[in-house]
Amino acid sequence: MVNKTLYSWKSWWRAFNNHNFFAIKLGVSILLLALAIRLLYNRSFELSPVSDTPFLESSQISVAPLVSVYSETRADQISPQDSETKCDLFDGDWLPDKTEPFYTNSSCEFIEKHQNCMKNGRPDRDYLYWRWKPRGCDLPRLDPWRFLDLMRNKSWALIGDSISRNHVQSLLCMLSVVEKPDHVYHDEGYKNRRWVFPSYNFSLTVLWSPFLAQAAIFEDIDGVASSEIELHLDKLDKNWTRHYNDLDYMILSSGKWFVKGSIYYENDKILGCHFCPKRNITEVEIKFAYRKVIRNVFSYIIASKHKGMIFYRTSTPDHFENGEWFSGGTCERKLPARHGEFELKELNRILRDVELEEFEKVLVKAAENEVNLKLLDVNPLSLLRPDAHPGPYRFFQPFAKDKNAKVINDCLHWCLPGPIDTWNDLLMEMLVGG
């Protein structure tokens with residue numbers, strides 16, 4: 001009986017060992033398979049998102065410090081939920097952000113001296129470390145590699161005044177981390193210029209047209225006028241209309257120059273003027289003149305049935321305090337403003353109201369004519385950045401000889417780098433988001 005019991009126990013143990021060995025082999029196989037999958041998965045995400053860009057093989061620019069930034073923010077990695085969920089990109093807040101700018105005054109040669117705040121001696125840097133966060137969604141940083149890839153064989157133009165020139169410098173600086181563009185054209189005064197990114201056959205142009213309408217301007221480079229501007233409200237400026245059909249993308253803007261002393265013409269006859277006290281001419285409101293021109297611009301665009309993409313950029317606020325450009329105005333703030341802390345000045349509010357009203361009126365007709373017209377509404381987010389203008393650092397080392405020197409402040413244009421770079425993030429999102 002004992003032997004029989006012992007035999008049964010040994011048989012059971014051998015059977016257990018056989019089954020257990022099979023279970024161990026199965027478990028080890030599963031673990032090895034899981035490890036292989038894990039290694040493959042990690043390998044795929046260790047690859048740089050810019051390593052497959054053909055241009056980088058010949059680029060002289062080191063992009064290593066930027067890879068981690070782009071790997072998190074490439075537009076083609078936005079989740080379907082994020083890309084399909086629409087939110088107001090222009091309603092949000094400026095949040096602290098330690099991410100370094102795309103470029104500096106040392107790395108980008110396209111910054112004009114009046115916006116080169118670092119080189120000109122601005123001592124603080126806090127204005128660089130903020131990012132725009134729309135309410136309800138995230139705004140990725142512009143991916144210059146993907147932007148240029150999308151723009152192969154395309155042409156862009158920024159059309160407007162010196163803010164458009166400020167903007168094109170920002171875009172050039174951000175895109176030049178991929179490839180340095182060739183400067184292929186400029187007029188005598190360098191107000192009309194064109195660059196080409198040769199590897200992409202992409203051209204970027206800035207066209208000087210501060211009114212978007214035909215105007216004779218009599219002032220020097222510092223803005224000192226010898227006579228009133230002669231502005232034809234019913235004639236668009238040929239400096240941009242003659243290029244219009246050759247452009248794939250364009251950003252039009254105006255506004256600021258309408259505050260200057262002007263004589264208004266219609267049908268080549270004087271209609272009235274704005275701020276011409278020495279002349280016996282009927283005063284006409286800026287609102288009337290601006291509406292006339294903007295309405296003509298939109299009518300021209302819609303009738304053209306242009307098949308590209310056209311942005312109208314809203315006018316940007318200035319932040320002069322205690323005066324204006326020529327009357328001692330300054331902008332000394334070091335931090336973004338809170339909502340409600342700054343209100344649009346009366347003239348800026350008039351310009352903005354006209355832009356929004358006229359844009360709203362043409363949306364249905366634009367859709368009917370299959371014209372892709374979009375509003376780049378940078379006004380609200382720009383209003384919150386009184387800290388990012390050149391101020392006295394429009395000039396090189398303005399206090400080097402006298403720390404109490406009286407210097408004209410620029411509280412209209414933007415330091416580069418600076419918050420104007422965010423306009424390019426917005427453009428990219430509007431491009432890929434439809």
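Remember, it's a predicted structure, so these values are computed and weren't measured experimentally. Just the heavy atoms: all of them, side chains too, but no hydrogens, waters or symmetry mates, feed the values below.
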Discussion item. Going by salt bridge (Lys or Arg N to Asp or Glu O under 4.0 Å), Glu358 matches just one of Arg352, Arg295, Lys365. Which one?
Written reply: Arg295
Between [X] and [Y], does any side-chain N to carboxylate O distance fall below 4.0 Å?
| X | Y | result |
| --- | --- | --- |
| Asp421 | Arg141 | no |
| Glu355 | Arg313 | no |
| Asp353 | Arg349 | yes |
| Arg279 | Glu228 | yes |
| Lys292 | Asp234 | no |
| Lys133 | Asp138 | yes |
| Glu321 | Arg333 | yes |

Worksheet item: Which of parallel (below 30°), tilted (30 to 60°) and perpendicular (above 60°) describes Phe110 and Trp195?
Response: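 Rings of Phe110 and Trp195: perpendicular, as their planes differ by over 60°.
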Worksheet item: Using the ring of each side chain (for Trp, its six-membered ring), is His232 parallel, tilted or perpendicular to Tyr265, with breaks at 30° and 60°?
Response: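 Correct class here is parallel.
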Please report the closest heavy-atom contact between [X] and [Y], naming both atoms and the distance.
| X | Y | value |
| --- | --- | --- |
| Tyr312 | Leu212 | CE1-CD1, 4.0 Å |
| Ile163 | Leu412 | CD1-O, 3.8 Å |
| Ser209 | Asp237 | OG-OD2, 2.8 Å |
| Cys415 | Ile420 | O-CG2, 4.4 Å |
| Val177 | Pro144 | CG2-CG, 3.7 Å |
| His114 | Arg394 | ND1-O, 3.1 Å |

Mind checking whether [X] and [Y] have side chains closer than 4.5 Å, heavy atoms only?
| X | Y | value |
| --- | --- | --- |
| Phe90 | Asn379 | no |
| Phe320 | Lys345 | yes |
| Leu128 | Met118 | yes |
| Val178 | Trp145 | yes |
| Leu89 | Met430 | yes |
| Tyr185 | Asp187 | yes |
| Trp325 | Asp318 | no |
| Leu426 | Leu381 | yes |

Just checking [X]: does its [atom1] atom have more than 12 heavy atoms from other residues, nucleotides or ligands closer to it than 6.0 angstrom?
| X | atom1 | value |
| --- | --- | --- |
| Lys307 | NZ | yes |
| Gln397 | CD | yes |
| Lys361 | NZ | yes |
| Glu285 | CD | no |
| Asn322 | CG | no |
| Lys119 | NZ | no |
| Phe275 | CZ | no |
| Lys334 | NZ | yes |

When rounded to the nearest 0.5 angstrom, what is the spacing between [atom1] in [X] and [atom2] in [Y]?
| X | Y | atom1 | atom2 | value |
| --- | --- | --- | --- | --- |
| Leu148 | Met174 | CG | CE | 11.5 Å |
| Met428 | Leu171 | CE | CG | 11.0 Å |
| Thr241 | Gln214 | OG1 | CD | 10.0 Å |
| Glu332 | Asp124 | CD | CG | 11.5 Å |
| Leu231 | Tyr264 | CG | OH | 6.5 Å |
| Cys108 | Leu416 | SG | CG | 8.0 Å |

Fill in: Ring-face cation contact, Trp94 with Arg131, 6.0 Å cut, 45° max
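Judged by the rule, Arg131 and Trp94 form no cation-pi pair.
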Worksheet item: Between Arg122 and Tyr127, is NZ or CZ placed under 6.0 angstrom from the six-membered ring centre and within 45° of the ring axis?
Response: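 Yes; both conditions hold, so Arg122 lies above the ring face of Tyr127.
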Do you see a donor-acceptor pair shorter than 3.5 Å between the side chains of [X] and [Y]?
| X | Y | answer |
| --- | --- | --- |
| Thr314 | Asp377 | yes |
| Ser203 | Ser155 | no |
| Lys256 | Asn348 | yes |

Worksheet item: Step by step, would you call Phe197 with Lys180 a side-chain contact (heavy atoms from CB on, under 4.5 Å)?
Response: CA-CA 7 Å; Phe197 291 80; Lys180 180 181 175 180; over 6 Å; no
Discussion item. Centroid separation under 6.0 Å, is that true for the rings of Trp257 and Tyr290?
Written reply: no
Worksheet entry | Ring centroid separation His319 to His389 under 6.0 Å | yes
Fill in: Verdict with reasoning, Leu373 to Phe359, per side-chain contact (heavy atoms from CB on, under 4.5 Å)
CA-CA 9 Å; Leu373 179 63; Phe359 184 84; 3.6 Å; yes
Worksheet entry | Audit row: Ser382, Thr316, side-chain hydrogen bond (donor to acceptor under 3.5 Å, both in side chains) steps and yes/no | CA-CA 7 Å; Ser382 302; Thr316 57; 6.0 Å; no
Fill in: Test log, rule side-chain contact (heavy atoms from CB on, under 4.5 Å), inputs Ile111 and Cys173
CA-CA 8 Å; Ile111 306 173; Cys173 286; 3.7 Å; yes
Discussion item. I need the single residue from Phe202, Trp156, Phe311, Tyr244 that forms a ring pair (Phe, Tyr, Trp, His ring centres under 6.0 Å) with Tyr249. Which is it?
Written reply: Trp156
Discussion item. Evaluate His413 against Ser162 for side-chain contact (heavy atoms from CB on, under 4.5 Å), listing each step before the verdict.
Written reply: CA-CA 8 Å; His413 300 93; Ser162 57; 2.6 Å; yes
Discussion item. Using salt bridge (Lys or Arg N to Asp or Glu O under 4.0 Å), reason through Asp93 and Arg135 one step at a time and then give a plain yes or no.
Written reply: CA-CA 8 Å; Asp93 299 282; Arg135 295 193 178 104; 3.3 Å; yes
Discussion item. Go through it in stages, so that I can follow the logic: the residues are Ser170 and Asn424, the test is side-chain hydrogen bond (donor to acceptor under 3.5 Å, both in side chains), and I'd like the CA-CA distance, side-chain angles, deciding distance and then a yes or no.
Written reply: CA-CA 8 Å; Ser170 166; Asn424 302 320; 2.9 Å; yes
